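One structure is given below, encoded as C-alpha cells.
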Amino acid sequence: MKLEIYIFSNSQQLADTLAEDFRRTLQRKAETGESFFVALSGGSSPRKFFERFAVSPYREEIPWGNIHFFWGDERCVPPDDAESNFKMANEAFLSHVAIPDKNTHRIMGENPPQSEARRYEKEIQDHVPVSKNGLPQFDWIFLGMGKDGHTASLFPGAPTLHEKEAVCVIAEHPDTGQTRISLTLPVINNAKRISFLVTGDEKATIVREILQKRPSYLNYPAAKVKPFNGVLEWYLDNSAAKDL
Ligand code: 6PG
C-alpha cells in the first residue's frame, strides 16, 4: 500500500487541488476509451470539492460520459431528503453536468433496506469490473471520516466491520439509529485509489492517532482502510492536520 498525505491551508484549496487532479486523471483515462468507476463519499466535507465540477473548466472538460458514479454509503431516506448523500451530490454537481442518467448509480434510500442492499450489490456487480480476488474494483473511492473515526457507514465496534463476503451491508448510526447502506471494507480496500477528504479541527485528534498509529488506532474504522494494492491518500486541511 502506498500512503500519501496532502495538507492544505484551507478546505477550498483542498477542493480546488483535488478537482484538478480528478480532471487530469479522467482526461487521461478517457483517452483509453475505458469507463471509470467512482464511489462518492457522503456527509458535508466533500461539498466544496463536488461544487468545483459544476463550474468551468471542469463542467466542460471532464469526460462525464466515461464515468460511473456510485456511493460509498447512503442514508435510508428518499433522494430529496436533506439527509440524502445523493441529494447533496446532485445539487452540488450532478444536476449541472452532462452525465448520462445511466452513469449515476445511487443507493435508493427510499426502498426497504434489505432489498435495496441486494439490488445495489447487484448493480455494482453488473457494472464495476471484478479483480482477481473476485471483488468489484473501483478506480477511485472518496471517503470522509466522522468524529468517532467511522468511515462510509462503518461505525466503531459494529459487526459490519467484519463482513468478508458481501459487497454492501445494512448499518445503523450508533447515535441516531438511522439505517444506512454501506460498502464493506473488502470492497473499499480493493479500490485502486482511495482518498480521504477530512477537514476541521474536530477531526484532528483522530487523524493524528490514525496516521501516527497511536495505541488502539485500529479501533477506528477509518484506520482499517488499507488498500490491498492501491494508493491511500489523506487530503487534509490545516485544521484537521494541526496535531500531526
Ligand atoms: C455519511 C458519510 C460519512 C461521512 C462522515 C463525515 O453518510 O455520513 O459517508 O462517512 O463521510 O460522517 O461527515 P462530515 O463530512 O459531514 O463531517
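Please read all numbers here as calculations on a predicted model, not as lab measurements. The figures that follow rest on heavy atoms only: side chains count, while hydrogens, waters and symmetry mates do not. One-based numbering, in listed order, for ligands and for the atoms of each.
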Problem - Option from Tyr58, Phe50, Phe86 for which ring-ring contact (aromatic ring centres under 6.0 Å, His included) with Phe93 holds - result: Phe50
Problem - Side-chain (Ser95) to main-chain (Asn90) donor-acceptor, under 3.5 angstrom - result: yes
Please tabulate, one line per pair, the protein N or O atoms found under 3.5 Å from any N or O atom of ligand 1, giving the distance to one decimal.
| residue | atom | partner | partner atom | Å |
| --- | --- | --- | --- | --- |
| ligand 1 | 7 (O) | Asp73 | OD2 | 2.8 |
| ligand 1 | 7 (O) | Arg75 | NE | 2.9 |
| ligand 1 | 7 (O) | Asn85 | ND2 | 2.9 |
| ligand 1 | 8 (O) | Arg75 | NH2 | 2.8 |
| ligand 1 | 9 (O) | Gly42 | N | 3.4 |
| ligand 1 | 9 (O) | Asp73 | OD1 | 2.6 |
| ligand 1 | 9 (O) | Asp73 | OD2 | 3.0 |
| ligand 1 | 10 (O) | Ala152 | N | 3.2 |
| ligand 1 | 10 (O) | Ala152 | O | 2.7 |
| ligand 1 | 12 (O) | His150 | NE2 | 2.8 |
| ligand 1 | 15 (O) | Ser44 | N | 3.2 |
| ligand 1 | 15 (O) | Ser45 | N | 2.8 |
| ligand 1 | 15 (O) | Ser45 | OG | 2.6 |
| ligand 1 | 16 (O) | Ser44 | N | 2.8 |
| ligand 1 | 16 (O) | Ser44 | OG | 2.8 |
| ligand 1 | 17 (O) | Lys203 | NZ | 2.8 |

Exercise for the section: Kindly determine whether Trp140 and Phe138 satisfy ring-ring contact (aromatic ring centres under 6.0 Å, His included), including the steps that lead there. Expected result: CA-CA 6 Å; Trp140 201 344; Phe138 284 93; over 10 Å; no
Problem - Side-chain H-bond candidate by donor/acceptor type, Ser9 with Asp237, under 3.5 Å - result: no
Problem - Check: Tyr235 ring centroid to Phe49 ring centroid under 6.0 Å - result: no
Exercise for the section: Apply side-chain hydrogen bond (donor to acceptor under 3.5 Å, both in side chains) to the pair Ser153 and Asp73, showing each step before the final yes or no. Expected result: CA-CA 6 Å; Ser153 284; Asp73 69 326; 2.6 Å; yes
